[in-house]
Amino acid sequence: MAFIGHQFCRAFSSSTLRSVAIKHVVIVGGGQMGAGIAQVAASTGHQVTLVDTSEAILAKGVKGIETSLKRVVKKKFADKPEAGEAFIEKVLGCVSTATDVGAVVESADLVLEAIVENLKIKQDLFSGIDKVAPEHTIFASNTSSLPIGDIASVTSRLDRFGGLHFFNPVPMMKLVEVIGTSSTSQDTFDSLVNFSRALGKTTVSCKDTPGFIVNRLLVPYMLEAVRLHERGEFTLSVVSFLRCPAGILRNSAILVISGHGSKEDIDVAMKLGAGYPMGPFELLDYVGLDTAKFILDGWSAMDADNPLFAQSPLLNKLVAEGKYGKKTGEGFYKYK
């Protein structure tokens, strides 16, 4: 177990929390999401323990936090470099790392997992720590697609289990979806909401339904863009009628635009026509095509007759070829 230390970590005010005073947060998963959540929590004075399976993964996660903090310092402490260095040191002082989750949950107020989107792996994690975590400890998952109730079902604390869905990149994205199951207590839900707000995030309340709010709308949108591209063409008709006073049709015009439904055109259309910062193909590459397929596969298994969850041959082909998007250098687009 490796610790950076907590000597700079200030006490966190919990006066707004109705139930559990969330001071010590154990975050399981040292990847981009877990490290991002750890950064935000440590920056707001929480004691954070980041857990993963190897020291190498944890070292990379902490390095990512430090690099991100340096970007923050450039903006907030442009004229005060010494204050910026002190800020980085203080935040990192609130972060420790560990490879044995069972050894660190004994003092945890909140255990939040941000690991692989695999139900059994998540269940195995929570089933194990449920036996050693204190009674007051709240469990939460950062899953983007799996039912919270299914993950929680292996524990004895259904009333103290909820979902906290952060968005990537966590330090920049303001939203957190807070998910309660039919068994989540009101005190637990309130504690999760207040914790998220203490991180400076805006919260929305969600039911435990596939995709919650954002992904339930976003994933079908992105997949419909892929299907449009797969169909190979689109048609846009604009009809204009001019009538004389007697109501007799005097003139009409029909404009039909047909063309190839290229991914580039679709991305440009949604950016300029809908004001989106990224088009659907750009966003899919950013999210990860493997992640999108995993979500789609899970939803399709739950509701096979829903046309919104229909499989995409093109997406399946790219994933089978290992082309997951930006993280592999190629997806719908190629990246250097």
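These numbers were taken from a predicted model, which means no experiment stands behind them. Residues: numbered from 1 along the sequence shown.
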message: Hydrogens and angles aside, do Ser191 and Asn194 bring a side-chain donor and acceptor to less than 3.5 Å of each other?
response: no

- prompt: Do Val48 and Ser96 touch side chain to side chain, with heavy atoms closer than 4.5 Å?
  reply: no

message: For a 4.5 angstrom cut-off between non-hydrogen side-chain atoms, does Val40 reach Ser43?
response: no

field: Test item: Ile88 and Val73 side chains (from C-beta on) under 4.5 Å apart, heavy atoms
entry: yes

- request: Identify the heavy atoms of Phe87 and Val72 that sit nearest to each other, and give their distance.
  value: CE2-CG1, 4.4 Å

field: Donor-acceptor contact below 3.5 Å, side chain Thr188 vs main chain Asp159
entry: yes

message: Could you walk me through whether Ser205 and Ile179 satisfy the side chain to side chain contact (heavy atoms under 4.5 Å, CB included) test, starting with their C-alpha distance in whole Å, then the side-chain angles of each, then the deciding distance to 0.1 Å, before giving a yes or no?
response: CA-CA 6 Å; Ser205 302; Ile179 304 99; over 6 Å; no

field: Lys131 side-chain N/O to Ser127 backbone N/O, donor-acceptor pair under 3.5 Å
entry: yes

message: For Lys271, I'd like to know if atom NZ has over 12 heavy atoms of other residues, nucleotides or ligands within 6.0 Å.
response: yes

field: Donor + acceptor pair across side chains of Tyr335, Asp285 (<3.5 Å)
entry: yes

message: According to a hydrophobic-cluster definition based on side-chain heavy atoms being under 4.5 Å apart (Ile, Leu, Val, Met, Phe, Trp, Tyr only), do Val26 and Val116 belong together?
response: yes

task: Is it possible for you to say whether Leu158 and Leu146 belong to one hydrophobic cluster, with membership spreading through side-chain heavy-atom contacts below 4.5 Å?
output: no

query: What closest approach, in Å, do Ala35 and Gly30 show between heavy atoms, and which atom pair accounts for it?
result: CB-O, 4.2 Å

Rounded distance [0.5 Å steps], NZ in Lys293 versus CG in Asn316: 4.0 Å

query: Under the 3.5 angstrom rule, does the side chain of Ser300 hit a backbone N or O of Ala310 as a donor-acceptor pair?
result: no

message: Tell me whether Thr184 contacts the main-chain N or O of Phe189 through its side chain, where contact means a donor paired with an acceptor under 3.5 Å.
response: no

query: How about Met33 and Pro169: do any of their side-chain heavy atoms sit closer than 4.5 Å?
result: no

- request: Starting at CD of Glu66, measure out to CD of Glu89 and round the result to the nearest 0.5 Å.
  value: 10.5 Å

query: What is the minimum heavy-atom distance between Pro220 and Arg227, and which atoms define it?
result: O-NH1, 4.5 Å

message: How long is the straight-line distance from CD1 of Ile115 back to CD1 of Ile27, given to the nearest 0.5 Å?
response: 13.5 Å

field: Note, His165 side chain near Asn215 side chain (heavy atom, < 4.5 Å)
entry: yes

- request: Determine, step by step, whether Leu92 and Ile65 satisfy the side chain to side chain contact (heavy atoms under 4.5 Å, CB included) criterion, reporting the C-alpha distance in whole Å, the side-chain angles of both residues, the deciding distance to 0.1 Å, and the verdict.
  value: CA-CA 8 Å; Leu92 291 178; Ile65 293 173; 4.0 Å; yes

- prompt: Is it true that Tyr333 and Phe281 have ring centroids separated by less than 6.0 Å?
  reply: no

task: Flag yes if more than 12 heavy atoms outside Met172 fall under 6.0 Å of its CE atom; otherwise flag no.
output: no

- prompt: What do the steps show when you test Glu230 against Lys317 for salt bridge (charged side-chain N to carboxylate O under 4.0 Å, His left out), and what is the final call?
  reply: CA-CA 12 Å; Glu230 287 174 327; Lys317 177 177 181 294; over 6 Å; no

field: Partner of Ile295 under side-chain contact (heavy atoms from CB on, under 4.5 Å), chosen from Leu223, Val287, Val219, Asp290
entry: Val219

field: Polar side chain donor-acceptor pair, Glu117 to Thr291, under 3.5 angstrom
entry: no

task: Kindly compute the distance separating OG (Ser144) from CD (Glu177), expressed to the nearest 0.5 Å.
output: 9.5 Å

query: Can you tell me if Asp150 and Gln123 form a side-chain donor-acceptor pair at under 3.5 Å?
result: no

- request: Could you state whether Tyr276 and Val268 fall into the same hydrophobic cluster, counting links through intermediate Ile, Leu, Val, Met, Phe, Trp or Tyr residues with side-chain heavy atoms under 4.5 angstrom apart?
  value: no

message: Before we go on, tell me: are the rings of Phe332 and His229 under 6.0 Å apart, centre to centre?
response: no

- prompt: Can you find a heavy atom in the side chain of Phe126 that is under 4.5 Å from one in the side chain of Ile151?
  reply: yes

message: Would the distance check show the side chain of Thr137 and the main-chain N or O of Ala133 forming a donor-acceptor pair, the cut-off being under 3.5 Å?
response: no

- prompt: Counting N and O atoms only, with roles assigned by atom type, does the side chain of Lys63 sit under 3.5 Å from a partner on the main chain of Leu58, one being a donor and the other an acceptor?
  reply: no

Trace of the side chain to side chain contact (heavy atoms under 4.5 Å, CB included) decision for His46 with Phe195: CA-CA 10 Å; His46 295 80; Phe195 168 71; 3.7 Å; yes

Neighbour count above 12 (heavy atom, 6.0 Å) for Lys60 NZ: no

field: OG1 on Thr155 to CD1 on Ile129, rounded to 0.5 Å
entry: 9.0 Å

Donor-acceptor under 3.5 Å (Glu321 side chain, Lys323 main chain): no

query: If you measure only the distance, is there a donor-acceptor pair under 3.5 Å linking the side chains of Asn142 and Glu113?
result: no

- request: Looking only at non-hydrogen atoms, find the nearest pair between Pro147 and Met302 and report the distance.
  value: CG-SD, 4.2 Å

message: Is there a path of hydrophobic side-chain contacts, each under 4.5 Å between heavy atoms of I/L/V/M/F/W/Y residues, joining Val214 to Leu296?
response: yes

message: What's the separation between atom CD1 in Ile22 and atom CD in Gln47, rounded to the nearest 0.5 Å?
response: 13.5 Å

message: Is it the case that the side chains of Thr203 and Ser196 hold a donor-acceptor pair, with the cut-off being a distance below 3.5 Å and no angle test?
response: no

Heavy-atom donor-acceptor pair, Gln32 side chain to Asn168 backbone, under 3.5 Å: no

message: On a heavy-atom basis, which atom in Ser141 and which in Ile148 lie closest, and how many Å separate them?
response: CB-CD1, 4.1 Å

Single-linkage hydrophobic cluster Leu289~Leu218, side-chain heavy atoms < 4.5 angstrom: yes

- prompt: Quick one: do Glu282 and Lys263 make a salt bridge, cutoff under 4.0 Å?
  reply: no

- prompt: For Val170, does its backbone N or O pair with a side-chain atom of Lys201 as donor and acceptor, under 3.5 Å?
  reply: yes

- prompt: Should Thr181 and Phe161 count as side-chain neighbours, where that means a heavy-atom distance under 4.5 Å?
  reply: no

field: Derivation and outcome, side chain to side chain contact (heavy atoms under 4.5 Å, CB included), residues Ile138 and Leu192
entry: CA-CA 9 Å; Ile138 294 173; Leu192 292 174; 3.9 Å; yes

message: Closer than 3.5 angstrom, by distance alone: can the side chain of Asp52 be matched with the main-chain N or O of Ile57 as a donor-acceptor pair?
response: no

message: Tell me whether Arg157 forms a cation-pi arrangement with Phe139, defined as NZ or CZ under 6.0 Å from the six-membered ring centre and within 45 degrees of its axis.
response: yes

- request: Determine whether Thr99 and Thr53 make a side-chain contact, defined as any pair of heavy atoms from C-beta on separated by less than 4.5 Å.
  value: no

task: Check Leu283 against Met278 and note the closest heavy-atom contact, atom names and distance.
output: CD1-CE, 3.5 Å

